[in-house]
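Residues take their numbers from the sequence shown, with the count starting at 1.
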Amino acid sequence: MMSEPKRLHPISALANFFKQLKELIIPILLFVVVGNSEGLIQMYITLGIIFLILISGILTWLRFTYRIEEGELRIESGLIVRKKRYIPFERIQSLDLSEGILQRPFGLVKMTVETAGSGTGAEAVLTAISKEDASRIQEALSQAKNGVLDEDEPQEEKRATVIYQIKPSELLLLSSTSGGVGVVISAVVAFMFQFAEVIPFEKVYKELEAVITSSLIFISMLVFLCFVLAWVIALIGSVLKYANFTVKKTEEDLIITRGLLEKKQLTIPLHRIQALRITENIIRQPIGYASVFIDSAGGSLKDTENARVMLLPIIKKKQIDAILSNCLSEYQLDGKFTPAPTRALKRYLLRGFLISIPISAALIYFFQPWGYLGLAFVLVALLFSYLQYKAAGWNLKEHQVILRFRGISKNTVYLRKNRIQSLTMSESHFQKKRHLATIQAMAMSGSGATGGKVVDLTTEDVLRLYKWYSYSDVSNEEQMP
């Protein structure tokens, strides 16, 4: 079965071309815009570079083959130096599929091979293969995992149960509250800075200066329209990314599919899940919605998407327990949290005050008289510190610790005892005076480490957590004393 070397679909040559062109697009544009040569020569050189990139893409496709042989996925590639990569099936953690704009019209998929220890990215990528070949590779992997030696022996198809499918109303709410506006604006600003030396910003500013300074309404409307445009772009991007979001469960895996233009499929082995995380951003929390993530050991340092996977993109918080009980029943989501003590509130507020005062002072000094509005930043920082204090808490179940804390969003992290790599207790000189301490629990994931940290709990509570982890057999998950 697939023992003869096979090439990828010819569309892979085009994919290679676009990938290399994307990496070189900024240098090419800069050469075209600021080059000192005559226009015709510049055009010939640019077309020559693009032609060489196209030829390179075609040769890369011609020299790339893959096959299955002796329980391994064998890949050979390389234009000048021939590279042979043999990947045993027992090392493969997951085979993730996606259908991009290039693959979908031809009924093809892109397969990403993830292995244990692939710390510099995916172990291998098959850019364009048929769905039939993808199914054969998945079947061969399944047979190897189940100890089936005969590749021709039929295997019972795994039954997959749908445990979640996003609704149109949820997709719209997800896209509207995703916070993608900031990402879009940041991307535009970063792109503009790439051409800071080319675009005559100073001239543009001078031409607009008279209009802007004489019309506060104009600049207000311009800023508003920019934010609306950024929101619409972020909305469309989120809809395309998360449309048809579906979660299925088999005996051994969670299978997540999503996407409209580019359809992606991620397979997460259940035994590789290291932690569960519920996140509530500042927009969704007041209306009772949250997102659920799982941290997996199957990703890589550069492929953080496979390390932290969005399991439920948006869901009413009160519905999470009912849904996860069908796929992650070992995690217990109910229970009352023990909050940070009242005496910790002063420390939370003090930290917010000390951080905000220098910023506010700088605004007042450099931007008078409008800089005095920077005093409002102090109030915002104090309010945020209070919210951090209210979020801080913990809970213990027999074999599970739950830590709750706030960054920009409120996070609740669930860690099984046998997944925790380290649990650290720390206390500063000032914490000791108030009998407070900090607890941090970490588990390993594909992105390095995952977990949570709660600041300024009572020393008694932190000691209890520390003893729960330290004085019991983690591998056997003994009961908490």
Side-chain angles (χ1 to χ4, degrees), residues 93-94 160-164 245-256 266-280 284-285 288-299 306-338 391-406 409-423 439-447 449-454 464-465 468-469 472-480:
Q93 297 294 336
S94 65
T161 304
V162 177
I163 61 171
Y164 173 82
F245 195 105
T246 305
V247 181
K248 297 180 181 179
K249 179 183 179 295
T250 66
E251 255 184 61
E252 302 172 348
D253 305 312
L254 289 176
I255 302 171
I256 300 174
L266 297 177
T267 302
I268 301 99
L270 290 170
H271 72 276
R272 303 294 294 181
I273 295 175
Q274 304 296 300
L276 177 69
R277 181 183 301 262
I278 297 176
T279 300
E280 304 166 71
R284 296 172 189 163
Q285 185 182 350
Y289 280 84
S291 300
V292 180
F293 297 82
I294 52 177
D295 288 293
S296 169
N306 284 347
R308 177 164 295 169
V309 180
M310 181 178 283
L311 181 64
L312 303 176
I314 190 165
I315 189 73
K316 286 186 177 179
K317 194 174 177 182
K318 60 184 180 181
Q319 296 177 349
I320 294 176
D321 193 11
I323 293 176
L324 294 188
S325 62
N326 295 322
C327 61
L328 298 173
S329 56
E330 66 272 21
Y331 289 93
Q332 303 175 53
L333 306 186
D334 59 334
K336 186 177 180 180
F337 282 86
T338 302
W394 63 276
N395 180 272
L396 270 185
K397 297 292 183 180
E398 292 179 353
H399 308 306
Q400 169 186 282
V401 64
I402 312 171
L403 299 179
R404 192 177 64 188
F405 55 94
R406 176 181 287 279
S409 301
K410 181 180 176 183
N411 293 280
T412 308
V413 178
Y414 298 79
L415 292 159
R416 299 286 295 175
K417 184 187 292 187
N418 64 335
R419 298 296 188 184
I420 297 175
Q421 296 292 320
S422 66
L423 191 141
I439 192 73
Q440 182 176 24
M442 303 299 292
M444 297 305 296
S445 75
S447 57
T450 184
K453 179 180 179 180
V454 187
R464 184 183 174 195
L465 290 167
W468 166 80
Y469 179 73
S472 57
D473 188 349
V474 178
S475 61
N476 294 326
E477 284 197 347
E478 292 179 0
Q479 296 255 339
M480 180 183 65

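Between atom CG of residue N418 and atom CD of residue Q274 there is a gap of 9.0 Å, rounded to the nearest 0.5 Å. Summarising the geometry, atom NZ belonging to K249 is positioned 8.5 Å from atom CG belonging to L328; distances are rounded to the nearest 0.5 Å. Note: E330 CD to L276 CG = 9.0 Å, rounded to the nearest 0.5 Å. Here T279 contributes atom OG1 and F293 contributes atom CZ; the two are 5.0 Å apart, rounded to the nearest 0.5 Å. Taken to the nearest 0.5 Å, the CD atom of Q332 stands 7.0 Å off from the CZ atom of R416. Atom CD1 of I268 and atom CD1 of I256 lie 4.0 Å apart (nearest 0.5 Å).
Of all heavy-atom pairs between P313 and Y164, the closest is CD-CE2, 3.6 Å. In terms of heavy-atom proximity, R419 sits nearest to H271 at NH2-O, 2.6 Å. Across all their heavy atoms, L270 and T250 have their closest contact at CD1-O, 4.2 Å. In this structure, I323 and I163 approach most closely via the heavy-atom pair CG2-O, 3.7 Å. What you find for G451 and L415 is that their closest heavy atoms are CA-CD1, 4.3 Å. Of all heavy-atom pairs spanning R464 and L396, the tightest one is NE-CD1, 4.2 Å.
Looking only at distances, a side-chain donor or acceptor of W468 sits under 3.5 Å from a matching main-chain atom of E398. Side-chain N or O atoms of K397 include one that pairs as donor or acceptor with a backbone N or O of D334 at under 3.5 Å. A distance-only check finds no donor-acceptor pair linking the side chain of R308 to the backbone of R277 [under 3.5 Å].
Heavy-atom neighbours of K453 NZ from other residues, nucleotides or ligands within 6.0 Å: at or below the threshold of 12.
A search for side-chain hydrogen bond (donor to acceptor under 3.5 Å, both in side chains) contacts involving S409 returns nothing, not counting sequence neighbours. A search for side chain to side chain contact (heavy atoms under 4.5 Å, CB included) contacts involving Q421 returns M444, not counting sequence neighbours. Residues satisfying the side chain to side chain contact (heavy atoms under 4.5 Å, CB included) test with T246, not counting sequence neighbours, are V162, Q165, K248, T257. The side-chain hydrogen bond (donor to acceptor under 3.5 Å, both in side chains) test applied to T267 returns no partner, not counting sequence neighbours. Remark: R404 engages F337, K410, T412 in a side chain to side chain contact (heavy atoms under 4.5 Å, CB included) (not counting sequence neighbours). The side-chain hydrogen bond (donor to acceptor under 3.5 Å, both in side chains) search around N395 returns none, not counting sequence neighbours.
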Full working for side chain to side chain contact (heavy atoms under 4.5 Å, CB included) between I439 and W394: CA-CA 10 Å; I439 192 73; W394 63 276; 5.9 Å; no
Stepwise side chain to side chain contact (heavy atoms under 4.5 Å, CB included) test for L312 and F245: CA-CA 9 Å; L312 303 176; F245 195 105; 5.9 Å; no
From CA spacing to verdict: side chain to side chain contact (heavy atoms under 4.5 Å, CB included), L324, L311: CA-CA 10 Å; L324 294 188; L311 181 64; 3.6 Å; yes
I273/L254 under side chain to side chain contact (heavy atoms under 4.5 Å, CB included): CA gap, chis, key distance, verdict: CA-CA 10 Å; I273 295 175; L254 289 176; 4.1 Å; yes
Anything under 3.5 Å between a donor and an acceptor, one on a side chain of residues 314-322, the other on a protein residue two or more places apart or in another chain? List them.
unit_1, atom_1, unit_2, atom_2, d
K317, NZ, E280, OE2, 3.0

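Between N326 and T161 the shortest side-chain heavy-atom distance does not fall below 4.5 Å.
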